[in-house]
Amino acid sequence: MSELFRDELDSLARQGLMRTLQHRSDPQGRVITVDGRELINFASNDYLGLAAHPALIKAATAAMARYGLGSGGSRLLGGGTEAHRALEETLAKFKGTEAALTFSSGYAANLSTIPALAGEADEIFSDSLNHASLIDGARLSKAQVRIYRHCDAGDLDELLKTSRARRKLVITDTVFSMDGDIAPLADIHALCERHGSMLYTDDAHGTGVLGSGHGAIAHAGLPTNTPWLIQMGTLSKALGLQGGFIAGTGTLCQWLVNRARGFVYSTAQPAALAAAALQALELATDRALLEKLWLNRNHLAASLQSIGIDTKPSQSPIMPIHFPDTESALRASAVLLEAGLYAPAIRPPTVPTARLRITVSVSHTHDDMLILADTLKALR
Ligand SMILES: *Cc1c(COP(=O)(O)O)cnc(C)c1O
């Protein structure tokens, strides 16, 4: 049995595509200790520096004292608590919807919700660079999946025009997780309205970052309480925790309670997480925190541009640095590591071509960014 995947692994290693695990011995943050080395962290999605925030830890500790740690069952079998209900009410307010429902991860939210929205007779329209969990959710749904060119509303329009499906569902990342660009949501929203399609937005990287923290739909100035708009978000990126959620109508959430398999057949999140998330939502609308994030983001974009690195198409704290091949991306990452900077190369099949995916957070200093830019400059 141990031989079964050996050849495949060897082949991955030869192509520079082998992935291995590294381990941190301290909290997520600006500086992390990975396998014994202290490194400035340019890889985390903890944009607001909340993952180890004392207020979140305090809220979680208090909730643990009240509810215990494990939830002991699915939401339908006694796993849910008052903390879950309070979080869902607050998430709905935060996203401007009637209701919200939490899942154990963003991945589970996408995998479970998409098949509850569309089935065999239906059509899904999916951006070519959508996140893996959206692709997998669409596949599980058994709907016909039609891929439109990345962020190309014209191409989507063509596909929607020719669709004969009874039910249509357009699916897109709001902020694309690997390139940091933002989908043309106003155009896509108008197309969905015109063609009678549902719109499913994955706001994993927009929540807590765009629209005064409320996310990409707020940022685009779109109405949030339209029945055919389904907003997915995560607690796991800017909110610093773990979990996913769907925000939409009360009817939609009721339907998901009945039909979303990753909700029905999976143990509820710990109440401590829900309580910490409530606290995170409060901090995520702090104007000063958000301003600092965007100041840092724009500062880093400017420093990279000044050394001739094109950060386009990024419009967010996620900035890709592209390399001609996997080997040179790996080498760049190794040089950064040597300089005390943590930014692992992102390789196929996660992305079509290898790159460094630099993420910037509120906690980075200008010195951190200077070291990054200087090291990258010496590489060129
Ligand atoms: C991270 C991510 C997810 C999955 O969320 P988790 O909470 O990490 O499971 C889904 N969609 C996008 C776009 C993401 O970046």
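For ligands, and for the atoms within them, numbers begin at 1 and follow the listed sequence.
- A single hydrophobic cluster is not seen to contain both Ile135 and Ile147; linkage of ILVMFWY side chains at heavy-atom distances under 4.5 Å, directly or through other members, places them apart.
- Only the side chain of His205 comes within 4.0 Å of ligand 1, judged by heavy-atom distances.
- By the 30° and 60° cut-offs, the orientation of the rings of Phe42 relative to His364 is parallel.
- Using a 4.0 Å heavy-atom cutoff, Gly244 is absent from the residues neighbouring ligand 1.
- Of the candidates Ala108, Gly106, Ser133, Ser133 brings a heavy atom nearest to atom 10 (C) of ligand 1.
- Side chain to side chain, Thr311 and Gln305 meet the donor-acceptor criterion of an N or O pair below 3.5 Å.
- Residue-to-ligand polar distances keep Ser177 apart from ligand 1: every N/O pair is separated by 3.5 Å or more.
- Residue Lys237 places a heavy atom under 4.0 Å from ligand 1.
- Note: an N/O pair closer than 3.5 Å links Ser236 and ligand 1 by distance alone.
- Two rings, from Tyr148 and Phe125, have their centers 6.0 Å or more apart.
- No part of Leu235 comes within 4.0 Å of ligand 1, judged by heavy-atom distances.
- Side-chain contact check for Pro270 versus Leu273: some heavy-atom pair is nearer than 4.5 Å.
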